[in-house]
Amino acid sequence: MKQQEEYKLWNQLHIELADIRLYTLAAGESSNGYHLPASAFLFLYRGKAKIRMDGLIHPAEHFYCLHGCKGMRLDIEATEYLEYYLVLYRGEFSLRRRYFLNKGEIPPSQQMFAFAPAQPVGLYQIMLRMEEAWSESTEKDKLLVKTLFYQFILEMLQQKQQLGVDLLPTEVVKQVVQYMHKHLDEPLTLELLGQRFCYNPQYLALRFKELTTRSPIDYLIGLRIGKACHMLQYTDASIGEISQSVGYEDVFYFNRIFKKNVGLSPSHFKKELSGEEDVRFNPYKRWGLSMSESTSQCYIDNDNYYQYNKRGEYHMNRTSRKNMMATLLLCMALLVTACGGGNSSLQSPSETSAAGSNSSESTQKTTPVAATKIVNTIFGEVEVSKNPERIVAIQYLSSLLAVKANAIGSTTRIMDNPYFSGLTDNIEIVGSSGSDVSFEKLIDLNPDLIVVMTSDEGEYKKYSKIAPTIAIPYGNFSSIEEEVKFFGDLLGREEEATTWISDYTARIAAANAKVQAVIPSDATFSIMQETDKSLSIYGSEFGRGGQAIYGNLGRISPPSYDEALLKEKYKDTSIELLDQYAGDYIILTTERSLEELRKDPIWGQLEAVKNDRLYAWSNTRSYFIDPLSVLMQTEELAEWLTNAPQKN
């Protein structure tokens, strides 16, 4: 039914051909910034190219068919010698048909789709005959061309349907971009855009990035900075007025984000561009969506003015790679990507300038050079400041607190740690967890370093576009002392790290001595967790008190643990086997109280429970295994053991 409906829509369309042209591009040449004056078929039959239609990239080679709508922007970069046809036409329903147009029904001439034909020769032969007949321009030839065009549509539809090609999902993205243009001066977030267009924010961001190669917030920043640059160059508006007009109430924040993306402060940018009309920041040109507010007429707005006297004469703003490079070199200082401008890892140590330097001074003579160093990571060398001052810790916040570093952002999951009470009051939340971080918030914080626990290169790259990023996989450190020392060295806080490690060592030794004085050395300790009648036993590496008991306090586990945890660091087991794994003392993560456990028919029969040698705590206290938590867990358990009944 869907296929028949598509034939029906094309059949009801009144079609008037506007122009048929044959174009060629040499390898390395480009045709950029052409806005379709009518609906169009582009049929590539020779060579390879990267085609961008309204921001959506199409790697095309040899044979490729692309359909676009009036107003869409077309950019073509030839990677090999390229030949293609462009057929411009107007296709409209009758007034009666438009009146009865179903809700959500899109006329074929206003749809965008693309595919590589399975049988391209037939389409090519039709296109060849159309172009030859069109150049003759007699009434007979015009009738022939129209007949051939319908043959082309029929053949195209058959192949398109056989390949299962559907409409490209551009409409919602176009609407979002248009909404951004109209509301640049308003506070916009991904969540707000999702609500406005009835899409899940994460899904909307995914679709947006597929079509534009940029996230919605990245794109929005580009639009705002582009408008600000235009106003700075061509108006006498104050910095505060411009800041408000592009959606930034805080002029100091506007100055910071402008400098991060352009490389200059707004005032310095205006000074540099005085008298240089050819140098301008234009995010629309780089991102290629036709919804931009172009200041020039891209085509002759006359439906009857499409024909040209000579074949191949019009080259759609063709630009050679040599000329493009000259333009890029001229604009290099200004065209900094919206999210990557502050990434010092892209610069050599001798070129890295201080983040807090006075932008009104000459960057060549008076801007101080920040001290930097190279850090080797699993993803290669990263250049960072020797003394970073604005650090976002997606993980490893505990070590930053230990060395008294200036952490400005982390996640709720990390900051909910009860052992951090009073230490995180001035730290901003950037997400609920490491997998749910707001990159918009990260950009707002303008960090000079991001620390993240990951071995995923894709995840690392997302952070590194915002600021230099140190990625450290889980389990990278063999001890707490090693972890704290690493961050002391990384952050230029070696003295603070040494002081904390000394204090840690002394406090652990004191706790150990207290426990040894009252608990026999042969007493066995079980580390357990119960959830919904399931039971797990833990070794020394996954929290729940294992690192404190087995590592810091040097206690031993029941013999049954040796075989159960030989290969894994923890083991799920049955509550019926509880007695088998129960030691003289039990450290249990549970949501139940001691009183409830004593009344439980299974737990209540254990000797450890009968003799008050069971320590029950919640997951929120036992889960964490960071330096600060392990230190305080050790002292907490040592205090309990000092007052617990001794083993008989």
Side-chain angles (χ1 to χ4, degrees), residues 6-7 9-25 31 34 36-47 49 51 53 58 60-70 72 74 76 78 81-92 107-163 165 299-300 302-316 318:
E6 193 169 20
Y7 285 122
L9 289 174
W10 277 100
N11 192 40
Q12 294 176 341
L13 204 65
H14 173 71
I15 292 176
E16 181 180 351
L17 285 166
D19 197 13
I20 301 174
R21 305 299 295 172
L22 170 64
Y23 294 108
T24 63
L25 287 175
S31 166
Y34 179 65
L36 296 177
S39 300
F41 278 102
L42 185 151
F43 186 77
L44 185 152
Y45 65 91
R46 184 179 183 184
I51 303 173
M53 176 76 80
H58 303 268
E61 57 181 85
H62 306 314
F63 286 99
Y64 198 78
C65 183
L66 176 64
H67 184 266
C69 319
K70 180 178 179 179
M72 287 186 172
L74 178 64
I76 303 176
Y81 175 76
L82 191 68
E83 293 186 6
Y84 61 93
Y85 290 106
L86 186 68
V87 178
L88 298 168
Y89 75 96
R90 293 185 297 277
E92 298 179 352
S109 57
Q110 298 177 27
Q111 297 175 3
M112 183 178 176
F113 54 84
F115 66 101
Q119 299 172 320
V121 176
L123 289 171
Y124 167 71
Q125 290 176 341
I126 297 173
M127 193 66 72
L128 177 63
R129 292 179 62 194
M130 285 173 59
E131 196 271 335
E132 290 175 344
W134 182 261
S135 62
E136 298 299 326
S137 297
T138 67
E139 293 302 320
K140 177 182 177 182
D141 291 319
K142 289 180 180 179
L143 180 60
L144 175 60
V145 171
K146 181 173 288 190
T147 303
L148 290 169
F149 186 56
Y150 277 108
Q151 290 183 24
F152 177 84
I153 291 174
L154 180 61
E155 179 67 22
M156 177 274 301
L157 285 175
Q158 290 174 343
Q159 296 200 35
K160 172 175 168 286
Q161 291 176 357
Q162 288 173 1
L163 294 170
V165 177
Y299 59 89
I300 300 173
N302 182 337
D303 286 346
N304 297 316
Y305 196 86
Y306 292 127
Q307 298 187 41
Y308 301 87
N309 295 326
K310 207 168 182 182
R311 171 171 169 160
E313 178 182 321
Y314 180 57
H315 293 288
M316 296 164 57
R318 183 164 63 185

CD/Glu6 to CD1/Ile153 distance, rounded to the nearest 0.5 angstrom?
11.0 Å

Heavy-atom pair with the smallest gap, counting every atom of Leu82 and Arg46:
CD1-O, 3.3 Å

Kindly indicate whether the side chain of Gln125, heavy atoms from C-beta on, has any atom under 4.5 Å from the side chain of Leu128.
no

Residue pair Met156 / Phe115, side-chain heavy-atom distance below 4.5 Å:
yes

Do the rings of Phe152 and Phe41 sit parallel, tilted or perpendicular, given the 30° and 60° boundaries?
perpendicular

Measuring from atom CD of Glu136 to atom NZ of Lys142, what distance do you get when rounded to the nearest 0.5 angstrom?
12.5 Å

Between Leu42 and Tyr64, is a side-chain contact (heavy atoms from CB on, under 4.5 Å) present by the stated rule, with each step listed?
CA-CA 8 Å; Leu42 185 151; Tyr64 198 78; 5.8 Å; no

Who passes ring-ring contact (aromatic ring centres under 6.0 Å, His included) against Phe63, sequence neighbours left out?
none

Interatomic distance, OH@Tyr81 vs OG1@Thr24, rounded to 0.5 Å, equals 4.5 Å

For the student: nearest non-hydrogen atoms of Cys69 and Leu36, plus distance:
O-CD1, 3.5 Å

Aromatic ring pairing His67/Tyr89, orientation class (parallel under 30°, perpendicular over 60°, tilted between):
tilted

If every non-hydrogen atom of Ser109 is compared with every non-hydrogen atom of Ser39, which pair is closest and at what distance?
O-OG, 2.8 Å

Could you state the interatomic distance from CD1 (Ile15) to CD (Glu92), rounded to the nearest 0.5 Å?
11.0 Å

For a side-chain contact (heavy atoms from CB on, under 4.5 Å) check, start with the C-alpha distance between Tyr7 and Gln161, then their side-chain angles and the critical distance, and finish with the verdict.
CA-CA 11 Å; Tyr7 285 122; Gln161 291 176 357; 3.5 Å; yes

Might you work through the side-chain contact (heavy atoms from CB on, under 4.5 Å) test for Leu154 and Trp10, ending with a clear yes or no?
CA-CA 9 Å; Leu154 180 61; Trp10 277 100; over 6 Å; no

Is there side-chain contact between Phe43 and Val87, with heavy atoms separated by less than 4.5 Å?
no

For a quick check under 3.5 Å, do Gln159 and Glu155 share a side-chain donor-acceptor pair by atom type?
yes

In sequence, state the C-alpha distance, the side-chain angles, and the governing distance for Leu66 and Tyr84, and then conclude on side-chain contact (heavy atoms from CB on, under 4.5 Å).
CA-CA 11 Å; Leu66 176 64; Tyr84 61 93; over 6 Å; no

Shortest non-hydrogen separation from Pro117 to Leu163 and the atoms involved:
CA-CD1, 4.5 Å

Which distance, rounded to the nearest 0.5 Å, do you find between the CE of Met130 and the OG of Ser135?
12.0 Å

Tell me, do Met127 and Tyr45 make a side-chain contact under 4.5 Å, heavy atoms counted?
no

Which atoms form the tightest heavy-atom contact between Leu44 and Glu61, and what is the distance?
CD2-C, 3.9 Å

Smallest heavy-atom separation, Thr138 atom then Asp141 atom, equals OG1-OD2, 2.6 Å

